[in-house]
*Asks:* 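Quick one: the structure is below, and I'll ask about it shortly.
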Protein chains: 2
Amino acid sequence: MSDEKPYHHGDLRAALLLAAEAELAERGVEAFSLRSVAKRAGVSHAAPAHHFGDATGLLTALAAYGFQDFLATQHAFEARAPKTPRDQLIAAGLGYVGFARARPALFRLMFGSERTDYKNAALKGAAEGAIGHLKAQVMLVGGDAAQDATAVWATAHGLADLLIAGRISVIRNMQEDDLQEMLTNILTRSLPEA
Amino acid sequence: MSDEKPYHHGDLRAALLLAAEAELAERGVEAFSLRSVAKRAGVSHAAPAHHFGDATGLLTALAAYGFQDFLATQHAFEARAPKTPRDQLIAAGLGYVGFARARPALFRLMFGSERTDYKNAALKGAAEGAIGHLKAQVMLVGGDAAQDATAVWATAHGLADLLIAGRISVIRNMQEDDLQEMLTNILTRSLPEA
DNA sequence: TTTTAGTCTAGTCACTGTCAAGATATGATT
DNA sequence: AATCATATCTTGACAGTGACTAGACTAAAA
């Protein structure tokens, strides 16, 4: 009469988000299954509906949570970099790529999936927070904020997406050090000129 | 006794590929369904299996076909551009983005999906053809082929992926002319220096 | 004409997301 | 403390899915 699972989980919402990211990482966005998430959390197949509505609801919440970590990763990279605006911006770009490589399925969910609802306020807010951060940094460096932010962002995003897709054959057999140096070079070139 | 459908389709394989791209465009990669493709082609739900094995087989064939059109689009853009190596490379980049915008779901399938088999010879060949073309152009311009090709490619890819995701708010309300100019500017900056 | 191989259909299975109904626990009101 | 309302979770059902099997049909080879 001790190890009995209580009827109420306690914090199922958080547990489901954790399970969902694990499922996402193991099976990918396209093979993602609500029932499998429920099973992993040790709960009935219909339980998630009460917290997230449907599958889109869960994935939307997960994407929003992902954007928060995404921003946090960039901040972590920035903290370890020199404090000049340019270095900070490059660090943010490396953080962008680093996040994608560490959690590729989540990254894909955030930026590419159609199974999330971008009209959702929480997701929209989290996503715009990440974008706003980048734009603010570009303004510190100076230049045409719109175009320059787009340039840096697109470069980081393209590197990230191609890396996790495994399509850049040049890169597959590269030493991690050399890869980082190359990423830095490419990002630097995308910056507005000093 | 005239309009009766014959038992054999005639060219079901091609018809299925056409239907598959239409389904892809309408419902997206993640909601893609084999049975729906079969229905659209007016054929039983198990018919595709005889031509493509399983769903992955069909999507793999479709991706390979996509890479051919992808290359053709770039060539079309190049034909309309000045014949200097730099202009040709930029045109290829614009073609890259143009293809993604015209057929976003197919583009996503080619570069992002896990429902394709990249060990498949046809797909691998088609994909490497597109990559080889880009690399060849970079060598004409001069520079460190590996790094420079990666830079241009990542920039084009990032612009394309972000554009079709609709995440670049700066761009959503932009005039098409201004957008093209901006894309050209950003791609130019990613090029090895003259 | 007979055989063989290729093409397509029909039926089945386990799995999926969603819905509806009911069981159980929590907490507010009295 | 007792009752009621609400939130949480389970169970069971449904149509749609991918994959598999067996068989029907057809065309071309022998």
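First the proteins, then the strands, lettered A, B, ... as listed; each starts at 1.
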*Asks:* Among residues 19-34 of chain B, which ones have heavy-atom contacts with DNA chain C below 4.0 Å?
*Replies:* none
*Asks:* Does any part of the side chain of Lys39(B), heavy atoms only, come nearer than 4.5 Å to the side chain of Val37(B), both counted from C-beta?
*Replies:* no
*Asks:* Got a sec, which pairs hit side chain to side chain donor-acceptor pair (under 3.5 Å) with one end in residues 116-132 of chain B, sequence neighbours left out?
*Replies:* Arg167(A)-Tyr118(B)
*Asks:* Hydrophobic cluster membership, with links at side-chain heavy-atom distances under 4.5 Å among I/L/V/M/F/W/Y: are Leu187(B) and Ile164(B) in one?
*Replies:* yes
*Asks:* So, Arg108(A) side chain and Asp161(A) main chain: donor-acceptor pair closer than 3.5 Å or not?
*Replies:* yes
*Asks:* List in chain and number order the residues that pass side chain to side chain contact (heavy atoms under 4.5 Å, CB included) with Ala151(B), two or more places apart in sequence or in another chain; answer none if no residue qualifies.
*Replies:* Ile186(A), Arg189(A)
*Asks:* So which protein N/O to nucleotides 11-13 of chain D N/O distances come out below 3.5 Å?
*Replies:*
residue: dG12(D); atom: O6; partner: His45(A); partner atom: NE2; Å: 2.8

*Asks:* Can you list everything that forms a salt bridge (charged side-chain N to carboxylate O under 4.0 Å, His left out) with Arg27(B)? Sequence neighbours excluded, please.
*Replies:* Glu23(B)
*Asks:* How many angstroms lie between OG in Ser33(B) and CZ in Arg40(B), if you round to the nearest 0.5 Å?
*Replies:* 11.0 Å
*Asks:* What's the angle between the local helix axes at either end of the helix from dT1(C)-dA30(D) to dT30(C)-dA1(D), using five pairs per end and rounding to 10 degrees?
*Replies:* 0°
*Asks:* Do Leu71(B) and Val138(B) belong together in a cluster built from hydrophobic side chains that touch within less than 4.5 Å?
*Replies:* no
*Asks:* Under a single-linkage definition using a 4.5 Å side-chain heavy-atom cutoff for Ile, Leu, Val, Met, Phe, Trp and Tyr, are Phe67(B) and Ile131(B) assigned to the same hydrophobic cluster?
*Replies:* yes
*Asks:* With the side chain counted from C-beta on, respond yes when Leu191(A) and Asp148(A) share a heavy-atom pair under 4.5 Å apart, and no when they do not.
*Replies:* no
*Asks:* What residues from residues 50-63 of chain A pass a heavy-atom cutoff of under 4.0 Å to DNA chain D?
*Replies:* His50(A), His51(A)
*Asks:* Only pairs under 3.5 Å count here: list side-chain donor-acceptor contacts from residues 48-57 of chain A, not counting sequence neighbours, and write none if there are none.
*Replies:*
residue: Asp54(A); atom: OD1; partner: Thr56(A); partner atom: N; Å: 3.4
residue: Asp54(A); atom: OD1; partner: Gly57(A); partner atom: N; Å: 3.0

*Asks:* Look up atom CD in Gln147(A) and atom CG in Leu183(B), then write down how far apart they are to the nearest 0.5 Å.
*Replies:* 9.0 Å
*Asks:* Roughly, in whole Å, what's the span from CG in Leu16(A) to C1' in dG17(C)?
*Replies:* 15 Å
*Asks:* Could you check which residues of residues 114-122 of chain A get a heavy atom under 4.0 Å from DNA chain D? Sort them by number, please.
*Replies:* none
*Asks:* Return a table of donor-acceptor pairs under 3.5 angstrom between the side chains of residues 88-107 of chain A and protein atoms on other chains or two or more places apart.
*Replies:*
residue: Gln88(A); atom: NE2; partner: Glu78(A); partner atom: O; Å: 2.9
residue: Gln88(A); atom: NE2; partner: Pro82(A); partner atom: O; Å: 2.9
residue: Tyr96(A); atom: OH; partner: Trp153(A); partner atom: NE1; Å: 2.6
residue: Tyr96(A); atom: OH; partner: His157(A); partner atom: ND1; Å: 3.0
residue: Arg101(A); atom: NH1; partner: Glu176(A); partner atom: OE2; Å: 3.1
residue: Arg101(A); atom: NH2; partner: Glu176(A); partner atom: OE1; Å: 3.2
residue: Arg103(A); atom: NE; partner: Glu21(A); partner atom: OE2; Å: 2.8
residue: Arg103(A); atom: NH1; partner: Asp69(A); partner atom: OD2; Å: 2.9
residue: Arg103(A); atom: NH2; partner: Glu21(A); partner atom: OE1; Å: 3.1
residue: Arg103(A); atom: NH2; partner: Glu21(A); partner atom: OE2; Å: 3.3
residue: Arg103(A); atom: NH2; partner: Asp69(A); partner atom: OD2; Å: 3.0

*Asks:* Applying side chain to side chain contact (heavy atoms under 4.5 Å, CB included), name anything that partners Met174(B), two or more places apart in sequence or on another chain.
*Replies:* Ile171(B), Asp178(B), Leu179(B), Met182(B)
*Asks:* Apply side-chain hydrogen bond (donor to acceptor under 3.5 Å, both in side chains) to Ser113(B) and list each qualifying residue two or more places apart in sequence or on a separate chain.
*Replies:* Glu30(A)
